[in-house]
Amino acid sequence: MRFRSTRGGQDSDLTGAILQGLAADGGLFVPESVPVLDPASIKGESLAEIAAGLLAPFFAGSELEAELPGICRDALDFPVVLRELRGEPEALAVLELFHGPTAAFKDVGARFLAALLERILPRGGDRGRRPLTILVATSGDTGGAVAAAFHKRQGIRVGVFFPRGQVSPRQRHQLCCWGDNVRSFEVDGSFDDCQALVKAAFRDPELNGRLRLTAANSINLGRLLPQVAYHAAAALWYFRRHRQRLSAIVPTGNLGNGVACVWARAMGMPIDRIIFAVNSNQTIPDFLSTGQWRARASKATLASAMDVGDPSNMERLRDLFPELGDLRSAVQAYPVDDDGIRAQIARDYSRFGAIWCPHTATGFHAYDGLPESARRGSAWCVSATAHPAKFETIVEPIVGRGIDVPPALAAILRMPAESIPLAPRLDELRPALADWA
Ligand SMILES: *Cc1c(COP(=O)(O)O)cnc(C)c1O
């Protein structure tokens, strides 16, 4: 399969699109056309098996085609669970995406990208023998997932940049505990400063040439494709059990999780309606209601991993639905403010005995905001994007109890953490990376 830029200026094969991340014309890579499959043709019960069947058309003709099942087994080796909730008259389920090493769904995409790159790089001949360097700016979850996924992988080094004092203590630990091929920089500045520093390193010919820089941000196809697979798997599991299509509520900010769900439905998977739950950053719902795209600076909210004012993946969505009317019938968006998040966490703790992270809470708030006819008319599933123990300083006071830390996260918290303080300037970064040849 070939992939083209949403801006029409480039096309590429799969491995090229993954190595490049962003297309040369600034657009995002999308499949030339979305492949449509018969759901009954997808075999297997585990996420890894379903992913291998579902993603096969994207890998057709690629040098990695034969390795896809192995990549899926390697990357998707932790449980993804569709749990049906009791206590509601209507059918409601939660898709738990937080059982990976860093307790957020970012593990899915980061581990898949790592498994891909580890197999692509040795094929590059001489060029492939020199290590590749991933630089990642993070506001919290992405950096930890990328560091965990690439830790000790051959031929790849990782530099993580995070803003000092602006990540939770547990997130900070996840960013700084790796060592070996991972180096963590605690930047004296904001997330935007971290991002600007990474971009400046990319534009610097000496650094980029010597380190062979690459990006692992969420616009990379290698992160998006496995996310399509978990939305497909949830719908297939539900359909096999109940012979009914599942409607999805997806907490999203940059629209990675959202577009993945839309692609799963476009591929013919038994998904009915799709609702994006967002926080007070309302660029997406405003666009759906007015037709005007108004990107803006992001606002800090309790669901911080969704604090995005200019969601990049909107470009992929508008590519699939160029007409506003079609887009409006395809998806809806529902904004939830911080008061709504707090109230939802409290409400669902008493209703289901379940504790959500702030991001997941936006999804359940959206569910409760549906008209009763919509709740009765379909079976619904909310994606749970992170484990609440990662956001214990927000969640514990609301539910009035401590939250058990999952074993993988506890293991990370026991490791010693080390970071390099850094001013957000290239002349400070250069010597800190001098020993990476
Ligand atoms: C990254 C993240 C999101 C939002 O993901 P998108 O790619 O913007 O859809 C939601 N919840 C958590 C916990 C995250 O880490």
Side-chain angles (χ1 to χ4, degrees), residues 28 80 94-113 136-149 162 167-168 170-171 174-175 191 216-228 230-231 248-264 274-284 298 301-317 331 333-336 341 344-345 355-366 382-392 394-395 406 409:
L28 275 60
V80 164
V94 56
L95 179 63
E96 296 178 353
L97 300 170
F98 51 70
H99 298 292
T102 69
F105 82 86
K106 299 284 195 308
D107 285 323
V108 173
R111 289 183 61 75
F112 198 83
L113 181 64
V136 55
T138 184
S139 58
D141 282 333
T142 296
V146 168
F162 66 96
V167 302
S168 83
R170 284 182 182 165
Q171 283 178 320
Q174 278 186 338
L175 295 167
F191 167 66
N217 51 18
S218 64
I219 49 121
N220 195 305
L221 261 184
R223 281 180 55 177
L224 196 58
L225 292 177
Q227 294 180 201
V228 180
Y230 62 64
H231 288 297
I249 298 177
V250 185
T252 194
N254 208 28
L255 270 184
N257 210 8
V259 164
C261 190
V262 172
W263 282 10
I274 297 176
I275 295 179
F276 301 146
V278 301
N279 59 25
S280 295
N281 292 277
Q282 297 204 19
T283 310
I284 299 163
S298 62
T301 76
L302 293 176
S304 54
M306 293 165 27
D307 291 347
V308 182
D310 186 7
S312 335
N313 277 299
M314 192 68 195
E315 215 167 304
R316 286 189 166 116
L317 201 60
V331 297
Y334 189 94
V336 182
I341 289 173
Q344 195 68 34
I345 292 171
I355 301 179
W356 313 133
C357 85
H359 313 82
T360 306
T362 65
F364 281 93
H365 201 288
V382 178
S383 297
T385 54
H387 193 285
K390 275 189 99 161
F391 302 93
E392 84 286 7
I394 296 168
V395 177
L409 181 56

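Position 1 is the first residue of the sequence, and the numbers go up from there. Computed from a prediction, not measured in an experiment: that's the story for all the values here. Reckoned from all heavy atoms, side chains included, excluding hydrogens, waters and symmetry mates. As the structure lists them, so they are numbered: ligands from 1, and atoms in each ligand from 1.
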Select all protein residues for which some heavy-atom-to-ligand 1 distance is less than 4.0 Å, and list them by chain and number. Phe105, Lys106, Asp141, Thr252, Gly253, Asn254, Leu255, Gly256, Asn257, Ala305, Met306, His359, Thr385, Ala386

In chain order, what residues pass the side chain to side chain contact (heavy atoms under 4.5 Å, CB included) check against Ser139, with sequence neighbours excluded? Phe191

How long is the span from the CG atom in Asn313 to the CH2 atom in Trp263, to the nearest 0.5 Å? 8.0 Å

Only counting residues at least two apart or in another chain, list the ones meeting ring pair (Phe, Tyr, Trp, His ring centres under 6.0 Å) with Phe162. none

Using side-chain hydrogen bond (donor to acceptor under 3.5 Å, both in side chains), reason through Asn257 and His231 one step at a time and then give a plain yes or no. CA-CA 9 Å; Asn257 210 8; His231 288 297; 3.1 Å; yes

Should the ring pair Tyr230 and Phe105 be called parallel, tilted or perpendicular, given that the plane angle runs from 0 to 90° and is split at 30 and 60? perpendicular

By ring pair (Phe, Tyr, Trp, His ring centres under 6.0 Å), Phe276 pairs with (sequence neighbours left out) none

